Amino acid sequence: MTPAFPIEPSFELLAVFIGALSGGLAAVRKQFDVFGVLVLAWATGLGGGVLRDVLIGATPPVGVADWRLLAAACLGGVVMYLFHPRLERARRMIAVLDAGALALFTVAGTIKGAELGAGPVAAVCVGLLTGVGGGVLRDLLTGEVPAVLHQRELYAVPALAGAGLTSVLWSTQTLSLASGVVAVALVFGLRIVALRFRIQAPGPWNGVTWGRGRGSGRMEP
Amino acid sequence: MTPAFPIEPSFELLAVFIGALSGGLAAVRKQFDVFGVLVLAWATGLGGGVLRDVLIGATPPVGVADWRLLAAACLGGVVMYLFHPRLERARRMIAVLDAGALALFTVAGTIKGAELGAGPVAAVCVGLLTGVGGGVLRDLLTGEVPAVLHQRELYAVPALAGAGLTSVLWSTQTLSLASGVVAVALVFGLRIVALRFRIQAPGPWNGVTWGRGRGSGRMEP
Amino acid sequence: MTPAFPIEPSFELLAVFIGALSGGLAAVRKQFDVFGVLVLAWATGLGGGVLRDVLIGATPPVGVADWRLLAAACLGGVVMYLFHPRLERARRMIAVLDAGALALFTVAGTIKGAELGAGPVAAVCVGLLTGVGGGVLRDLLTGEVPAVLHQRELYAVPALAGAGLTSVLWSTQTLSLASGVVAVALVFGLRIVALRFRIQAPGPWNGVTWGRGRGSGRMEP
């Protein structure tokens, strides 16, 4: 069940840790108790991978079976529980790290799906879910509408691009360490560009004003 | 993994498309961006089938693996994103189409469960989940309490009746094209009758007023 | 698929029934219709086991396949729908019964995970999920933030202790009827002690007041 794509295990642990920081922060803001912080950290850091493994039949998912991943997620939760006032100030850095986690999760998830015979389309879907699933779980468990669905800054689009490229590389048997790194860099780069220049997805199409241009109906984030 | 029940593939695509319209509409109303509309369309059109496939171990689910189904769901999302002001006026027609989608999904889901050895009781459960699961996912992802749980107009009861009939037909080896069509017509007919005459499920039993009949405690939809 | 741990089937049915009462009560409070009450009863009584079975690949889950479990869940829903004004007064008794259900679910879930080759860490995770998963589903379906995440009274910690002990017993091949009963009693006892003495998990760490001790920022339950 080890991924063929040579993600350095330490990189994967880092990605889980960063996801867990994000989940822990959401829990701390909702005034959850320490156990709630740990569960949110687990769900955010490992939830995407659990969804992926359930969808491709790789049970039990590594997100409940691999103690190192569980330890990384718990560590993220504990760190955020203890130090959140300082970490909130480091938000910009966390956003950059999170872009890296998104990139690693998406590409590794796509490859794992393809390896388990999911077919190119399914591999893209499970890769995308691996990348964004943790954040969706985090938002559902804290009673929020998933940010990825309405926060217009591009988040899923970079993941989709990277999952698509990875799936094409796999199908054409041109996936190597070098081309895999390109896919990771694509996701990371697109996400950073979207953050830096505040590139937004097309918002609600306010059909009521068709041709009359009343702007007030649009929700700006 | 093709269902033995001869649902014309075009019918199945139509059912997914209609479910996707319903999800797209919910997303548009919540002012989601274009990506959120597509995800909601996917979750509503294909979510019930994904739940079914995960429960019966048919991984990866067709809802992530079959590009035609994915295309039908995306098309539904795009159409609703672009034309929702006009489509909202055609709501009555969408409700009728949705009854057809419910019927097709439920009967096909029950058969797929039975084919994969789920047993008669489990087949009814997964058939019911296939029919109503997409709508439940749609409501959870938009931060709503699932309509099927509190909107008293009969929605799950027709699906339950159809799944039960289909499972009996399967167990008694009397499932044929003709009897399968009867099961689909049963779900569709019951749902249309419920819509037309506003037949409602028994609402909350207001025990506090036991024998005194104070009606104000009841929630009317 | 029968668990090796000799939970008397009548005990298991009782645990499902109690979980279903809890779900039915939540649905009645939200003014759900009778079908919504039944679905909530099902999700709360059997949802934890369904999550467990999906995670360990034991499909279809017993929570959709075993008619006795389904009947116990429906019975719980019907009883709560009809008699909730009287049952709300018996809340203390229900809390005690619920502690018993938590204990049985957790230990039995851990053992089932271990039996299906989940490894000691995964067994603890799925045991914990079996115990608390039903309540999480109940809260998500009624639009609430899961109580287990922010209601500071210890609920998951007893389950975690029991799952851990059970997994150790399994790994060291010292799991017997006697030691299994000890694990069940551990969960039940810790939960009852937490209820009786209102023992709470550490709440939000209000880092802003670091060293100045402003208490008002803390949320008391």
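The structure displayed is predicted, hence computed values, not measured ones.
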Rounded to the nearest 0.5 Å, how far does [atom2] of [Y] lie from [atom1] of [X]?
X: A/Asp33; Y: C/Leu149; atom1: CG; atom2: CG; result: 8.0 Å
X: C/His150; Y: A/Lys30; atom1: NE2; atom2: NZ; result: 10.0 Å
X: A/Leu141; Y: C/Leu140; atom1: CG; atom2: CG; result: 6.0 Å
X: A/Phe35; Y: C/Leu160; atom1: CZ; atom2: CG; result: 6.5 Å

What part of A/Val37 lies closer than 4.5 angstrom to a heavy atom of chain C: side chain, backbone, both or neither?
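Looking at A/Val37, nothing touches chain C.
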Measuring heavy-atom distances to chain C, does A/Leu38 have an atom under 4.5 Å in its side chain, in its backbone, in both, or in neither?
neither
Passes side chain to side chain contact (heavy atoms under 4.5 Å, CB included), A/Val39 versus C/Val132? Steps please.
CA-CA 12 Å; A/Val39 171; C/Val132 307; over 6 Å; no
Honestly, the part of C/Val148 sitting under 4.5 Å from a heavy atom of chain A is both
Between A/Val54 and C/Val54, does the side chain to side chain contact (heavy atoms under 4.5 Å, CB included) criterion hold? Intermediate values first, please.
CA-CA 7 Å; A/Val54 165; C/Val54 165; 3.5 Å; yes
Any idea which heavy atoms bring [X] and [Y] closest together, and the distance?
X: A/Leu70; Y: C/Cys125; value: CD1-SG, 3.9 Å
X: A/Ala65; Y: C/Val121; value: O-CB, 3.9 Å
X: A/Pro61; Y: C/Leu55; value: CD-O, 3.3 Å

Taking every non-hydrogen pair under 4.5 Å, which of C/Asp139, C/Val124, C/Val136, C/Ile56 racks up the most with chain A?
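Of C/Asp139, C/Val124, C/Val136, C/Ile56, C/Ile56 has the most heavy-atom pairs under 4.5 Å with chain A.
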